[in-house]
Amino acid sequence: MPTTPIPQSLGLPKIGHMLGLTIDPMAVMQRLHRQFPHIVEVAVPPHTFFVVTNPTLIEEVLVTKQKHFHKDGFLKHHASALFGNGLLSSDGDFWLRQRRMAQPAFHRQRITEYSEIISAKTAETLAALPHNQPIDILATMMELTLTIVAETLFGVITPRQLITIGQALQQSMDYFTNDPLRDIAASITRLPLHDAKNAAYATAIQALDTVINEIITERIAQPRESTDLLGMFLSARDDDDQPMSRSQLRDECKTLFLAGHETTALTLTWSIWLLLRHPDCVRTLQAELTQVIGDRLPTMADMPNLVYTEQVIREAMRLYPPAYTIARSCIADVTIGDYAIPAGKDVTLSQYAMHRDPRWYDQPDAFIPSRWSEEFKAQLPKYAYFPFGGGPRLCIGQQFALVEATLILAMVMRHGDWQLLPWQRVVPAPAITLRPKRGVMVQIHDRA
Ligand code: HEM
């Protein structure tokens, strides 16, 4: 079948789009979406990769032709110390077996059980926050969601272990945050400007591996009747009746700690920041919370009635998708639409650019939670909004994350009158996830 040539965007001579993608990758992706409505080949010499800018073609990559695509080299090689061969980065039959093993921990019944832990931990966190003093809400949400994932998926672990994991994950993520000036200076001067950064990363990974090994050793030494995820991984046997290897166990635990807390904390942080900049939205939200939950703790049963709360979260994930890009490597020649993708090429999908694309969203940069009416959702092309990815590699924690974000946001906004500290500039920093560079500073005032 004849194929349509893929348009190219070559950028500057010799460096292609390298500078733009280093300094402001989100702006480059948005520009490509506006110029090329389907797909474009982008140059970063000596390589090129494809950016898919059309929801129907994205569906082919993630769903209908997903067998032709594997996870990309970044996760497998660049970030391999962090994710190893865990669920996020593995592929093929091996991934499928691990995914099936983990799936029961995310069933609805389990999430209902987790929701009680979520409310209890949130109540404890909120009660301990000082009033009338600056609070970094990003740090607060990171700590809370880490505690929740530790307790729900791994059983209770000690406060020291939790602090070590939190710090090591934070340092590892810092490693992947762009520092364009340093990167450019290092490549021009060839000075070892990254040495300190590399050393800090290696130390963080070592601390993480040590504490996770310790958690696994303790659990093996003191087996208990437990249906949490770690217990399930420990009792799993392959076709030859062999248990999961120690290094595989460690990779799965690291992956779930990271994937299971950072993205939800970011969703909450962006939601709170956006809300506090829109007092009218806070009023609408408060009216819903007063009516649905009043002064009691919210539960899973309230979820269908927390319609506006859910719209706030959905809109925050549209504007600031914590997982802002998905990459795949094509493993066998394939056509998507009528474009030929050769084996060996990388393909990038940008949630950030798609979610702000004026083809699908009016006032694409504005925070308008009420846009998410049932009619709007019904007419939106499926992959014009994909904060959790799609197809077989859809986020395993999607339901968990949505319940957690909804319950926590409801409790936070019932807790007091929150205000943003006025002097700050909140800047999105694209690393592995999309986080506010210096956090978000807020203050709680006693409710009048
Ligand atoms: C708002 C919160 C979250 C967002 C936005 C998010 C986003 C994503 C996305 C986009 C993917 C697909 C990546 C790809 O296709 O390359 C993914 C995969 C994954 N997520 Fe999440 N996630 C969230 C919360 C969670 C939670 C709470 C957990 C676990 C407790 C989790 C665990 C995972 C795992 C293990 C995978 C890999 C699944 C597989 O490939 O089988 N995520 N997530």
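Just so you know, ligand 1 is whichever comes first in the structure, and atom 1 is the first atom listed for that ligand. Values below: all heavy atoms of this structure, side chains included; hydrogens, waters and symmetry mates excluded.
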Student: Looking at ligand 1, is there an atom of it that comes within less than 4.0 Å of some heavy atom belonging to K71?
Tutor: yes
Student: Is there at least one pair of N or O atoms, one from R393 and one from ligand 1, spaced under 3.5 Å apart?
Tutor: yes
Student: Can you tell me which residue among Y352, W360, W372 is in a ring-ring contact (aromatic ring centres under 6.0 Å, His included) with Y385?
Tutor: W372
Student: After noting the C-alpha distance and the side-chain angles of S350 and H33, does the key distance pass the side-chain hydrogen bond (donor to acceptor under 3.5 Å, both in side chains) rule?
Tutor: CA-CA 9 Å; S350 168; H33 264 245; 4.9 Å; no
Student: Taking the ring centre of each residue, are F257 and F154 less than 6.0 Å apart?
Tutor: yes
Student: Polar-atom distance check: R99 versus ligand 1, any N or O pair below 3.5 Å?
Tutor: yes
Student: Could a heavy atom of F106 be found less than 4.0 Å from some atom of ligand 1?
Tutor: yes
Student: Of the choices I313, L434, T263, which has the non-hydrogen atom that lies closest to atom 2 (C) of ligand 1?
Tutor: T263
Student: Sub-3.5 Å donor-acceptor pair from the side chain of R250 to the main-chain atoms of S245, do we have one?
Tutor: no
Student: Under 4.0 Å from ligand 1, counting heavy atoms only, is it the side chain of T267, its backbone, both or neither?
Tutor: side chain
Student: Assess the residue pair K382 and T56 against the criterion (side-chain hydrogen bond (donor to acceptor under 3.5 Å, both in side chains)); give the C-alpha distance rounded to whole Å, side-chain angles, the decisive distance to 0.1 Å, and a yes or no.
Tutor: CA-CA 8 Å; K382 187 147 184 236; T56 313; over 6 Å; no
Student: Which atoms of ligand 1 have any heavy atom of P387 under 4.0 Å away?
Tutor: 5 (C), 7 (C), 10 (C)
Student: Is it the case that ligand 1 has an N or O less than 3.5 angstrom from some N or O of Q351?
Tutor: no
Student: Are the side chain of R356 and the backbone N or O of L319 linked by a donor-acceptor pair below 3.5 Å?
Tutor: yes
Student: Report yes if W95 has an N/O atom closer than 3.5 Å to an N/O atom of ligand 1; otherwise report no.
Tutor: yes
Student: Does at least one non-hydrogen atom of R328 fall below 4.0 angstrom from an atom of ligand 1?
Tutor: yes
Student: Would you confirm whether S89, through its side chain, and G84, through its main-chain N or O, come within 3.5 Å as a donor-acceptor pair?
Tutor: yes
Student: Considering only heavy atoms, which of Y324, F257, F388 lies nearest to atom 4 (C) of ligand 1?
Tutor: F388
